[in-house]
Amino acid sequence: MTHVVSESCIQCKYTDCVDVCPVDCFREGPNFLTIDPDECIDCAVCIPECPVNAIYAEEDLPADQQHMTKLNAELALLPTWKSITKRKAPMADADQWKDKTGKLAELIR
């Protein structure tokens with residue numbers, strides 16, 4: 001099993017989760033963070049750190065977010081999505097986006 005970043009992270013990119021990850025499994029894209037399922041050790045320390053509740057254990061992913069498991073794996077393999085190991089400032093307008101739903105169309109690969 002792995003952990004999965006859901007659509008809630010899109011356009012926010014809070015990186016609190018990155019600081020606590022013991023294996024550096026997060027990858028950073030232009031407006032989203034993803035978890036590399038091959039690196040994730042299923043420790044769950046990232047879940048309570050996310051201020052927008054975007055991270056789930058794969059088995060706990062809501063039904064409307066099931067597609068994110070495959071998407072996280074695909075994005076983690078993109079050469080432009082690099083490992084992120086230290087906290088950064090969130091996106092400039094993250095607070096405006098944090099409570100919005102249905103943000104998949106906003107994802108920049």
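Residues Met68 and Gln66 fail the side-chain proximity criterion, which asks for heavy atoms closer than 4.5 Å. Residues Ser8 and Asn53 form no side-chain contact, since every pair of their non-hydrogen atoms from C-beta on lies 4.5 Å or further apart. Contact of the Ser83 side chain with the Thr85 side chain is registered, since non-hydrogen atoms from C-beta on lie closer than 4.5 Å. Taking the side chain as every heavy atom from C-beta outward, Val5 and Phe26 approach each other to under 4.5 Å. The shortest distance between side-chain heavy atoms of Pro62 and Ser6 does not fall below 4.5 Å. You'll find the side chain of Asp16 reaches within 4.5 Å of the side chain of Pro51, heavy atoms only.
In this structure, Phe32 and Trp81 approach most closely via the heavy-atom pair O-CZ3, 3.5 Å. The nearest pair of heavy atoms linking Cys50 to Ile55 is CB-CD1, 4.1 Å. Nearest heavy atom pair, residue Val20 against residue Cys46, reads CG2-CA, 3.9 Å. Looking at every heavy atom in both residues, Cys40 comes nearest to Val23 through CA-CG2, 4.5 Å. Considering all non-hydrogen atoms of both residues, Asn31 and Lys13 come closest at C-CD, 4.0 Å. Here the shortest heavy-atom pairing between Pro37 and Thr2 reads CA-OG1, 3.5 Å.
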Using side chain to side chain contact (heavy atoms under 4.5 Å, CB included), reason through Val18 and Arg87 one step at a time and then give a plain yes or no. CA-CA 6 Å; Val18 170; Arg87 183 184 293 191; 5.8 Å; no
Working note: Leu71 + Leu107, criterion side chain to side chain contact (heavy atoms under 4.5 Å, CB included); need CA distance, chi angles, decisive distance, verdict. CA-CA 11 Å; Leu71 186 58; Leu107 178 67; 3.6 Å; yes
Stepwise side chain to side chain contact (heavy atoms under 4.5 Å, CB included) test for Asp24 and Lys86: CA-CA 9 Å; Asp24 301 333; Lys86 297 201 183 313; over 6 Å; no
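Criterion: ILVMFWY side-chain heavy atoms under 4.5 Å apart, direct or through other members. Under it, Val4 and Tyr14 are not part of a common hydrophobic cluster. Connection of Trp97 to Leu33 is not established within any shared hydrophobic cluster, with ILVMFWY side chains joined at heavy-atom distances below 4.5 Å, either directly or through further cluster members. Ile84 and Val52 are assigned to two separate hydrophobic clusters, defined by single-linkage of ILVMFWY side chains at heavy-atom distances under 4.5 Å.
Here OH of Tyr56 is found 12.0 Å from NE2 of His3. Values are rounded to the nearest 0.5 Å. From Met91, atom CE reaches atom OG1 of Thr15 across 12.0 Å, with rounding to the nearest 0.5 Å. Here the straight-line distance linking atom SG of Cys25 with atom CG of Asp42 works out to 10.0 Å at 0.5 Å rounding. With rounding to the nearest 0.5 Å, the separation of CD in Glu74 from OG1 in Thr69 is 11.0 Å. Considering CD of Glu106 and NZ of Lys100, their distance stands at 8.5 Å, rounded to 0.5 Å. Considering CG of Asp36 and CG of Leu77, their distance stands at 6.5 Å, rounded to 0.5 Å.
At least one donor-acceptor pair closer than 3.5 Å links the side chain of Thr34 to the backbone N or O of Asn72. Checking side-chain atoms of Gln11 against main-chain N and O of Lys103 turns up no donor-acceptor pair under 3.5 Å.
The residues Lys88 and Glu28 are annotated as salt-bridged, a charged nitrogen and a carboxylate oxygen being separated by less than 4.0 angstrom.
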